[in-house]
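For reference, the structure is listed below as structure tokens.
Predicted model, so just to flag it, every value in this text is computed and none were measured. For this chain, numbers begin at 1 and follow the sequence in order. As the structure lists them, so they are numbered: ligands from 1, and atoms in each ligand from 1.
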Amino acid sequence: MYKILVVCLGNICRSPLAEGILKNYLPEEHFFIDSAGTGDYHIGDPPDRRSIQIAKQNNIDISTQKARQFTKEDFSKFNLIYVMDKSNYQNVLKLSTNKEDSKKVKLILGDKEVPDPYHGDLNDFEYVYNLLDKDIKKISQKLVTEFDI
Ligand code: 4NP
């Protein structure tokens, strides 16, 4: 089983969408997908209603997800840790204790950042959804090829 964690700040807007989209593209018998936030503000909360709505419009149900905080134990539990922006990257790296851990952390869009839509409107959530979907589709195709699934 290959394990991927997606991380943002609150774990209510961006990473729940990324989790839902990854699960949509990757077969669950080979890939375990989870998400977390670097902050503790929303622990136990469902995703933001706007993320739930945009996902639903794309036939993805993320409504049962619950926010949790990233912990240093996640480094040993996951093979790959995708973050949304450079601030997430710094916050996750702060908790790493060795090179093997820090090598697992990658910006999901490569060199670009996924903007935080929290203070925006539904259009900003749609923009984030489309950015993530386009990128995750490619990532998923690569992973499936790489693992010869
Ligand atoms: P997310 O968005 O990191 O994409 O889940 C945010 C949600 C909540 C907060 C910040 C970002 N907040 O400060 O409460």
Side-chain angles (χ1 to χ4, degrees), residues 1-28 31-98 100-143:
M1 187 70 96
Y2 193 74
K3 296 175 184 163
I4 304 173
L5 182 68
V6 274
V7 177
C8 63
L9 174 57
N11 192 208
I12 57 165
C13 299
R14 292 166 292 178
S15 58
L17 282 175
E19 177 184 334
I21 297 168
L22 277 163
K23 284 178 173 165
N24 187 39
Y25 286 124
L26 292 170
E28 64 181 351
F31 292 92
F32 176 75
I33 318 287
D34 193 17
S35 65
T38 58
D40 61 1
Y41 332 105
H42 294 281
I43 294 173
D45 290 353
D48 186 285
R49 62 185 160 71
R50 297 161 296 179
S51 283
I52 292 176
Q53 184 179 334
I54 288 297
K56 196 175 172 195
Q57 285 172 16
N58 290 277
N59 300 313
I60 294 176
D61 181 12
I62 62 166
S63 65
T64 58
Q65 291 185 30
K66 290 266 172 292
R68 72 164 178 93
Q69 191 170 22
F70 178 84
T71 71
K72 61 178 179 359
E73 283 73 33
D74 286 317
F75 284 114
S76 48
K77 290 184 189 152
F78 290 88
N79 302 97
L80 191 54
I81 299 167
Y82 278 127
V83 296
M84 301 292 137
D85 62 32
K86 289 172 186 164
S87 163
N88 306 151
Y89 188 83
Q90 293 306 330
N91 287 327
V92 168
L93 273 198
K94 263 188 230 161
L95 297 176
S96 72
T97 51
N98 58 62
E100 203 186 321
D101 286 355
S102 53
K103 277 200 300 198
K104 293 181 178 178
V105 190
K106 295 179 195 308
L107 278 164
I108 195 161
L109 299 184
D111 50 352
K112 279 188 293 169
E113 299 183 290
V114 181
D116 186 351
Y118 186 56
H119 295 290
D121 61 22
L122 199 58
N123 287 326
D124 299 295
F125 281 74
E126 191 168 24
Y127 177 73
V128 164
Y129 181 92
N130 290 330
L131 266 184
L132 287 171
D133 186 60
K134 191 165 162 239
D135 190 66
I136 290 173
K137 199 174 185 174
K138 283 190 213 148
I139 288 172
S140 303
Q141 283 165 352
K142 252 194 193 164
L143 284 170

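Looking at every heavy atom in both residues, M1 comes nearest to E28 through CE-O, 3.7 Å.
Pocket lining of ligand 1, defined as residues with a non-hydrogen atom under 4.0 Å away: C8, L9, G10, N11, I12, C13, R14, Y41, H42, D116, Y118.
Proximity of I108 to L132: side-chain heavy atoms (C-beta onward) are separated by under 4.5 Å at one or more points.
In this structure D34 satisfies the salt bridge (charged side-chain N to carboxylate O under 4.0 Å, His left out) test together with R68, sequence neighbours excluded. Residues meeting the side chain to side chain contact (heavy atoms under 4.5 Å, CB included) test with T97, sequence neighbours left out: D101.
The stretch residues 55-75 participates, sequence neighbours left out, in these ring pair (Phe, Tyr, Trp, His ring centres under 6.0 Å) pairs: F70-F75.
Note on K112 versus D135: no salt bridge recorded, every NZ/NE/NH1/NH2 to OD/OE distance being 4.0 Å or above.
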